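Below, each value reflects all heavy atoms present in this structure, side chains not excepted, and no hydrogens, waters or symmetry copies. For clarity, every value in this text was computed on a predicted model and none was experimentally measured.
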Number of protein chains: 2
Amino acid sequence: MNIGEAAAATGVSAKMIRYYEQVGLIKRPLRSMAGYRVYSPSDVHALRFIRRARDLGFTVEQIGELMQLWQDRGRASADVKAIALEHVKVLEAKMREIEEMAKALKHLARTCHGDGRPDCPIIEELAESHEPPARDSRLGKGFERLR
Amino acid sequence: MNIGEAAAATGVSAKMIRYYEQVGLIKRPLRSMAGYRVYSPSDVHALRFIRRARDLGFTVEQIGELMQLWQDRGRASADVKAIALEHVKVLEAKMREIEEMAKALKHLARTCHGDGRPDCPIIEELAESHEPPARDSRLGKGFERLR
DNA sequence: GCTTGACCTTCCCATCATGGGAAGGCCCAG
DNA sequence: CTGGGCCTTCCCATGATGGGAAGGTCAAGC
């Protein structure tokens, strides 16, 4: 199975398969005589694992941990649960942040008559001078790219 | 007012102020004889505008549009409202996506006994072979960096 | 057997907003 | 006049993903 077939079979693009290999998420596959990557069914299985974890919003780093645990027969399910719950916390914090932004924006839009007149509470609100709230990053890491 | 003071006064880092200048979001400020950037109160005002828009989750590109409208006295508030509501839609779609991920993960975690035994439904679920749902990107652009 | 097009390889570059850090210049308080 | 804290520009990194070029390979149809 070459990379294109593996991509079609797993829903992970060929580009990303090479990337995952490069960052050590998956082991280097066998190569054909011409240098083509050749994937076994178990490689495909691992790629599907990755894709599903990715769809759940895990970062590549977390997926790496999960794969360690996946391959470690003696692992404790508590370890996996901890990673999952940690991730749920991050997701919920993201949700809350986005929710607040949406709420603020909807409030502004509601008070904006939205016709041809130039008076616009949205712009006025943005332009008003407020104290800089010192960018307090209560949310911590993982939110750098949220906005 | 030099860049450090402007940064402290607006909550926008000096690095980002230079970046916004570079990408044309703000005009190039005056320079002191030594080449230091010198910011006027109105520059500071613009920076605060930017910071507030950024806190509402607008991208730099959108902030650019908003600033155009801000400076255009004859603009229609409808234009601003359209940008705001468009952004609300994006935020709500993000929320829904994150919510789904969190829901799935919480469900998995709930069914995981989380003790020392190695049986773990989370890992099992990830490892199961499902059809690749063809990564259908119903959400469209703007979600590339969501996860 | 040869052409053609669809694959594969590696390598480099771009994204977006942000920060780190180096090398060198400037300014002010002691 | 010195030291530390500013400032300047320039380069590089992030994370996950894709685009694209240049060149090699494979298989189907002629």
Whole-Å gap separating [atom2] ([N]) and [atom1] ([X]):
X: Ile17(A); N: dA16(D); atom1: CD1; atom2: C1'; value: 15 Å
X: Ile50(B); N: dC16(C); atom1: CD1; atom2: C1'; value: 16 Å
X: Glu61(B); N: dA17(C); atom1: CD; atom2: C1'; value: 14 Å
X: Arg54(A); N: dG15(D); atom1: CZ; atom2: C1'; value: 9 Å
X: Arg51(B); N: dA17(C); atom1: CZ; atom2: P; value: 17 Å
X: Arg28(A); N: dT10(C); atom1: CZ; atom2: C1'; value: 15 Å
X: Tyr36(A); N: dG23(D); atom1: OH; atom2: C1'; value: 11 Å
X: Glu21(B); N: dC10(D); atom1: CD; atom2: P; value: 12 Å

Measure the spacing between CE of Met1(A) and OG1 of Thr10(A) and express it to the nearest 0.5 Å.
8.0 Å
The side chain of [X] lies closest to which of these nucleotides: [options]?
X: Ala34(B); options: dA16(D), dT9(D), dC26(C); answer: dC26(C)
X: Asn2(A); options: dT9(D), dG20(C), dC7(C); answer: dC7(C)
X: Val60(B); options: dT10(C), dT18(C), dA17(C); answer: dA17(C)
X: Arg37(B); options: dC8(C), dG20(C), dT8(D); answer: dT8(D)
X: Met16(B); options: dA17(C), dT8(D), dC7(D); answer: dA17(C)

Touch class at under 4.0 angstrom, heavy-atom based, for Ser13(B) against every strand present
sugar-phosphate
With sugar-phosphate meaning primed atoms plus P, OP1 and OP2, does Arg18(A) contact a base, only sugar-phosphate, or nothing at under 4.0 Å between heavy atoms?
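Arg18(A): base contact, heavy atoms under 4.0 Å.
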Pairing of Arg37(A) and Glu21(A) as salt bridge, 4.0 angstrom limit
yes
Check whether any side-chain heavy atom of Leu25(B) sits under 4.5 Å from a side-chain heavy atom of Met67(B), and report yes or no.
yes
Distance-only donor-acceptor test (3.5 Å): side chain Tyr19(A), base dG18(D):
no
Is Arg31(A) close enough to dT10(C) that one of its side-chain N or O atoms is under 4.0 Å from OP1 or OP2 there?
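Looking at the OP1 and OP2 atoms of dT10(C), one of them is under 4.0 Å from a side-chain N or O of Arg31(A).
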Below the 4.0 Å mark, does dT18(C) have OP1 or OP2 next to a side-chain nitrogen or oxygen of Tyr20(B)?
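Looking at the OP1 and OP2 atoms of dT18(C), one of them is under 4.0 Å from a side-chain N or O of Tyr20(B).
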How close do Leu91(A) and Leu56(A) get, counting heavy atoms only, and between which atoms?
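Where Leu91(A) meets Leu56(A) most closely, the heavy atoms are CD1-O, 4.3 Å.
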Closest heavy-atom contact between Val38(A) and Asp43(A)?
O-OD2, 4.1 Å
